[in-house]
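Counting starts at 1 for both ligands and their atoms, following the listed order. What you see is a predicted model, and the numbers here were worked out from it, not measured in a lab.
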Amino acid sequence: MAKLTLRDLDVRGKRVLVRVDFNVPTEVRGGKVRVTDDTRIRETLPTINYLREHGAKTILMSHLGRPKGKPVEKYSLRPIGEYLYSLIHHPVIFSHDTIGDVPKKIVNHMENGDVALLENVRFQPGEEANDPEFAKALAELGDLYVNDAFGAAHRAHASTAGITKFVEKSAMGLLMEKELKHLRDGLQNPAKPFVVILGGAKVSDKIGVLKALMENANTILIGGAMANTFLKAEGIPVGASRVESDKVGLARELLELAKQRDVKFLVPIDVVEADEIRPGANMRNTSRLSPQHGITDGWQTVDIGAATIALYQEEIARGETILWNGPMGVFEIPEFGEGTIAIAEAMAQSGAKTIIGGGDSVTAVKQAGLSAKMTFISTGGGATLELLEGKELPGVAALSDRK
Ligand code: ADP
Ligand code: MG
């Protein structure tokens, strides 16, 4: 069912509660909390600016970190509010209480176009418990609700789902709309060849995604630690590599499913192996992998190899739609990041529609300085994966239907 969007609402003079995802990476420097990656904040600016331009009173809510239902100073949103001020050049009134008299008073004094930010919703136990009392207390602060927190939309919490029961109308924000457009609607009928690149830590994290994309993809390229489980399924010795031994049977099933569906399913034909996962470890490119020639005993895979990079580059160059989630190796260590960067570069040069599916892959693309060359980069992690699995997100499902 189609949902209301921000543009469907008449917001002038209204108090609009907006759930955003300001759960950004921070560090403490000189005794102050600083934002180290502001992408998620910047991505909500279209919604915030739209509301201001249309004369709404904007009340922002977010979580930050995992304070587990009680106030934890380092997870206060106050510095994030200060940061937002520097982006919108308009005061951001901060409420050090999330609900109750303090925010009520603030909200009652707001003028059209003003912006307020409530303290971390996860300082309250009711948030993650999706407690109706807490949801109601939040709802009392506004007239309308907008959810723009795509990164939290896979959670049915008070500020992402429960609150919609206590407001007249609830709609998705502009970022939410954009994420759904690219990751859900745009992948229903993708221009072909549709090439999917999947990597990262675990097969078990991505089974749902693999199965769902098997319906639509022409080519699937596997890398990262999850490739080890597929190598093992093919009888290739994996040495001391990170493997999910209990998922080898499943990997075999997936390889079989790909055959049935006529999906070209490629796993690395060579890898970079290292004797340890640390900078300066001994490392080398293996020869062609086979049941006779696998990873050296006691060594482990840390990246895809040169022949695999060349093979994957060819497939990427042929694609019209390319979706990537999960790095090809331990890219946090530069020596082990070549495969991951090569994939990012191949995508940037492909001329295809390119979509990066969130999490560590996004970090890798940013580090490579290639973000601007991609069609779309998701701000989600878990939410992105759930959407790609074809699941309905609770934070979207709870919004008002479009009549
Ligand atoms: P994403 O966040 O993009 O979905 P994941 O969280 O699934 O990706 O996986 C990212 C992690 O996988 C990275 O920390 C990376 O170091 C790790 N990784 C990738 N390849 C390997 C490997 N061969 N061995 C061990 N860890 C790996
Ligand atoms: Mg990750």
Side-chain angles (χ1 to χ4, degrees), residues 23 25 37 39-40 150-151 154 183 196-210 212-213 220-232 236-245 247 251 267-279 281 283-286 289 294-296 298-305 308-309 312 322-344 347 354-368 370-371 374 376-389:
N23 184 35
D37 180 350
T39 309
R40 284 179 166 175
F150 175 72
H154 59 315
L183 296 171
V196 175
I197 309 150
L198 272 184
K202 294 200 231 129
V203 184
S204 48
D205 287 344
K206 316 239 160 131
I207 299 164
V209 176
L210 261 172
L213 291 172
I220 297 182
L221 311 174
I222 302 288
M226 70 179 272
N228 299 331
T229 307
F230 287 97
L231 294 176
K232 191 160 177 189
I236 296 166
V238 293
S241 299
R242 196 164 154 181
V243 176
E244 288 166 277
S245 297
K247 293 291 180 296
V267 299
I269 53 174
D270 68 337
V271 296
V272 176
E273 59 174 16
D275 62 350
E276 266 182 275
I277 296 194
R278 63 163 174 84
M283 58 186 277
R284 61 192 173 217
N285 205 114
T286 62
L289 297 171
I295 317 303
T296 308
W299 289 50
Q300 50 187 311
T301 69
V302 290
D303 198 1
I304 53 174
T308 304
I309 291 176
Y312 287 7
I322 304 164
L323 169 69
W324 179 26
N325 171 272
M328 297 289 101
V330 187
F331 75 102
E332 295 91 339
I333 299 174
E335 302 109 280
F336 306 154
E338 264 181 46
T340 299
I341 290 175
I343 294 299
M347 285 181 74
T354 48
I355 298 163
I356 316 290
D360 293 294
S361 354
V362 171
T363 308
V365 170
K366 281 186 193 152
Q367 278 173 9
L370 294 169
S371 309
M374 304 297 175
F376 180 68
I377 297 187
S378 179
T379 56
T384 309
L385 291 177
E386 290 199 18
L387 194 55
L388 292 175
E389 284 173 36

Exercise for the section: State whether the number of non-hydrogen atoms from other residues, nucleotides or ligands found under 6.0 Å of Glu338 atom CD is greater than 12. Expected result: no
Handout entry: Check: Gln300 and Ile295 side chains under 4.5 Å, non-hydrogen atoms
Key = no
Completion exercise
Output for pair (Thr384 OG1, Ile356 CD1), nearest 0.5 Å, gives 11.5 Å
Exercise for the section: Enter the distance from Ile222:CD1 to Asn228:CG here, rounded to the nearest 0.5 Å. Expected result: 11.5 Å
Handout entry: Residues that Ala240 engages under side-chain contact (heavy atoms from CB on, under 4.5 Å), provided they are two or more places apart
Key = none
Problem - side-chain hydrogen bond (donor to acceptor under 3.5 Å, both in side chains) partner of Glu273, chosen from Thr296, Asn285, Thr301 - result: Thr296
Exercise for the section: Anything protein N, O or S sitting under 2.8 Å from the Mg ion (ligand 2): count it and give me the total. Expected result: 1
Practice task
Check salt bridge (charged side-chain N to carboxylate O under 4.0 Å, His left out) between Asp37 and all other residues, then give those that pass, not counting sequence neighbours.
Solution key: Lys366
Handout entry: Residues lining ligand 1 [heavy-atom distance under 4.0 Å, listed by chain and residue number]
Key = Gly200, Ala201, Lys206, Gly224, Ala225, Arg242, Thr301, Val302, Asn325, Gly326, Pro327, Gly329, Val330, Glu332, Gly358, Gly359, Asp360, Ser361
Completion exercise
Separation between OG (Ser241) and NZ (Lys232), nearest 0.5 Å, reads 10.5 Å
Handout entry: Atom pair CD1/OG1 of Ile343 and Thr308 - distance to nearest 0.5 Å
Key = 9.5 Å
